[in-house]
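Read the structure below first, then the notes.
These numbers come from a predicted model, not from an experiment.
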Amino acid sequence: MHNAIIIILLAGCLLLPSWLYAKDSIPSLALAKHFKNEMQSSFYWVSEKLDGIRCYWNGEALLTRNGNPIYAPQWFTDSLPNVELDGELYIGRGSYQLLTRIALDKKPNLKLWEQVTFHAFDLPSSKAPFEIRQNQLKEIIGQSAARHLKLVEQKMMNNLPSIQTHLRGLVNSGAEGLMLRTPESPYETGRTNHLLKMKLRRDAEARVIAYQTGRGKFENMMGAIWVEMEDGTLFKIGTGFSNHERQNPPAIGSDITYSYQGFTDKGLPRFASFTRTKKPE
């Protein structure tokens, strides 16, 4: 009975295997690959990589990238157009933690939601090339009564040095990075070469003050190190280590170099990753 669907009745409840509905509930969205600092196209459409929550509007409901419902207020969704939109919930640079507290709350705070905007950047159901989709999207947003619905601005850039300069300027202003889209590209679901993300990572130093025990595959090894910045700020780093380094972690009191990508709204390095132990001078 390979094609049979087994339905189980338990205590008056209808239970279906998770595989039956999980795949269909996840939106089929375009997912970005990392830009490898090499132009593969004569130019790219470039936009800021917003520090928000990726979301999908199916015309009736607002969902996360993984298909989980976003409990937005009725006024937020009622005015959205009856068309599929791929975009990002956003408050502003450095406000990701605040946004997650607002957007992922199952009981929406109507006042706090007034800070949230929906920045749309594509039309998943359109078969047209990117430039035409952008014109369609601009027209849809222009005709919408939803003031919280915004269009993500696209800028044509045709050389790598200009793109890198643009990236550094935005990051210095608190942005997360850039998104690059190839010209005349279709909306392709899954990981695609037509959509690329470009980020700028920086290096800094900190002093190791403690270890955190590893779990799971890192059991009996170091799971993370707690470090102190020059200004006394404490945070932990749990990525970037080889298994050998987890078994022989940097000594307490030693200085390490780590890479990071901007700061959280609490002033902590974002996506901190261990690079190396600094050699004594």
Side-chain angles (χ1 to χ4, degrees), residues 26-35 39-65 67 70 72 75-93 99 103 116-160 162-167 169-170 173 175-199:
I26 299 177
S28 297
L29 301 178
L31 303 177
K33 292 185 177 181
H34 288 280
F35 180 66
M39 297 285 288
Q40 298 292 332
S41 175
S42 57
F43 72 90
Y44 287 104
W45 291 105
V46 180
S47 63
E48 179 178 339
K49 187 179 189 303
L50 300 178
D51 189 14
I53 296 175
R54 180 79 177 272
C55 64
Y56 165 68
W57 170 250
N58 65 8
E60 297 180 353
L62 202 58
L63 305 172
T64 69
R65 186 182 117 180
I70 296 174
W75 64 261
F76 191 96
T77 56
D78 279 354
S79 56
L80 294 178
N82 186 26
V83 62
E84 292 180 61
L85 298 174
D86 187 2
E88 195 121 347
L89 293 181
Y90 185 63
I91 292 180
R93 294 172 180 170
L99 175 64
V116 182
T117 50
F118 182 7
H119 288 246
F121 46 71
D122 219 327
L123 296 169
S125 60
S126 176
K127 304 299 182 182
F130 180 71
E131 291 79 359
I132 295 178
R133 295 201 308 277
Q134 288 300 295
N135 287 334
Q136 293 172 338
L137 184 56
K138 185 176 181 179
E139 184 176 352
I140 290 170
I141 294 176
Q143 295 176 351
S144 173
R147 294 185 178 181
H148 51 278
L149 179 60
K150 309 292 183 181
L151 177 68
V152 173
E153 180 183 354
Q154 303 288 337
K155 181 179 182 180
M156 181 189 295
M157 305 193 73
N158 60 11
N159 65 82
L160 185 56
S162 295
I163 295 175
Q164 292 172 329
T165 298
H166 185 50
L167 171 65
L170 284 180
S173 298
E176 183 178 350
L178 297 177
M179 299 300 297
L180 280 60
R181 167 68 79 165
T182 57
E184 300 183 354
S185 55
Y187 189 94
E188 187 175 72
T189 61
R191 295 290 172 190
T192 172
N193 291 320
H194 294 307
L195 182 63
L196 306 170
K197 53 187 173 182
M198 187 177 183
K199 300 179 180 181

Between C55 and I70, which heavy-atom pair has the shortest distance, and what is it? CB-CD1, 3.9 Å
Could you check whether any side-chain N or O of W57 sits under 3.5 Å from a backbone N or O of P81, counting only pairs where one atom can act as donor and the other as acceptor? yes
Would you compute the distance between atom OG1 of T182 and atom CH2 of W45 and round it to the nearest 0.5 angstrom? 12.0 Å
T117 side-chain N/O to H119 backbone N/O, donor-acceptor pair under 3.5 Å: no
In Å and rounded to the nearest 0.5 Å, what is the CD1 to CD distance from I132 to E184? 8.5 Å
State, yes or no, whether a side-chain contact exists between L170 and K49 at a heavy-atom distance under 4.5 Å. no
Main-chain N/O of A30 paired with Y187 side-chain donor or acceptor, under 3.5 Å: yes
Assess whether side chain to side chain contact (heavy atoms under 4.5 Å, CB included) is satisfied between E88 and V152, documenting all intermediate values. CA-CA 9 Å; E88 195 121 347; V152 173; over 6 Å; no
Side-chain donor/acceptor of Q134 to backbone N/O of F121, under 3.5 Å: yes
Looking only at non-hydrogen atoms, find the nearest pair between P124 and L29 and report the distance. CG-CD2, 4.5 Å
Closest approach of L80 to A146 (non-hydrogen atoms, all atoms of both residues): CD2-CB, 4.2 Å
Sequence neighbours left out, what pairs pass salt bridge (charged side-chain N to carboxylate O under 4.0 Å, His left out) with at least one residue falling in residues 76-86? R54-D86
How close do R93 and Y90 get, heavy atom to heavy atom, and via which atoms? N-OH, 3.1 Å
Return the minimal non-hydrogen interatomic distance between L137 and L85, and the atom names on each side. CD1-CD2, 3.7 Å
Could you grab the distance from atom CG of N135 to atom CD1 of I140, nearest 0.5 Å is fine? 11.0 Å
What pairs of residues pass the side chain to side chain donor-acceptor pair (under 3.5 Å) test when at least one of them lies in residues 144-159, not counting sequence neighbours? N159-S162
State, with a plain yes or no, whether a side-chain heavy atom of P183 is found less than 4.5 Å away from one of S41. yes
Would you give the length of the straight line joining atom CD1 of I26 to atom CG of L63, rounded to the nearest 0.5 angstrom? 11.0 Å
Using atom types as modelled and distance alone, determine if a side-chain donor or acceptor of R191 lies under 3.5 Å from a backbone N or O of K33. no
Check: Q40 and N193 side chains under 4.5 Å, non-hydrogen atoms: no
I would like to know whether L195 and R181 meet side chain to side chain contact (heavy atoms under 4.5 Å, CB included); could you show each step before the answer? CA-CA 5 Å; L195 182 63; R181 167 68 79 165; 4.2 Å; yes
Here the pair of heavy atoms bringing L180 nearest to M198 is CD1-CB, 4.1 Å
Let me see the working for E48 and M179 under side chain to side chain contact (heavy atoms under 4.5 Å, CB included), right down to the final yes or no. CA-CA 6 Å; E48 179 178 339; M179 299 300 297; over 6 Å; no
Trace of the side chain to side chain contact (heavy atoms under 4.5 Å, CB included) decision for R133 with D122: CA-CA 7 Å; R133 295 201 308 277; D122 219 327; 2.6 Å; yes
Using 30° and 60° as the class limits, which term best fits the ring planes of Y44 and F35: parallel, tilted or perpendicular? perpendicular
Spatial distance of atom NE2 (H166) from atom CG (L160) [nearest 0.5 Å]: 13.0 Å
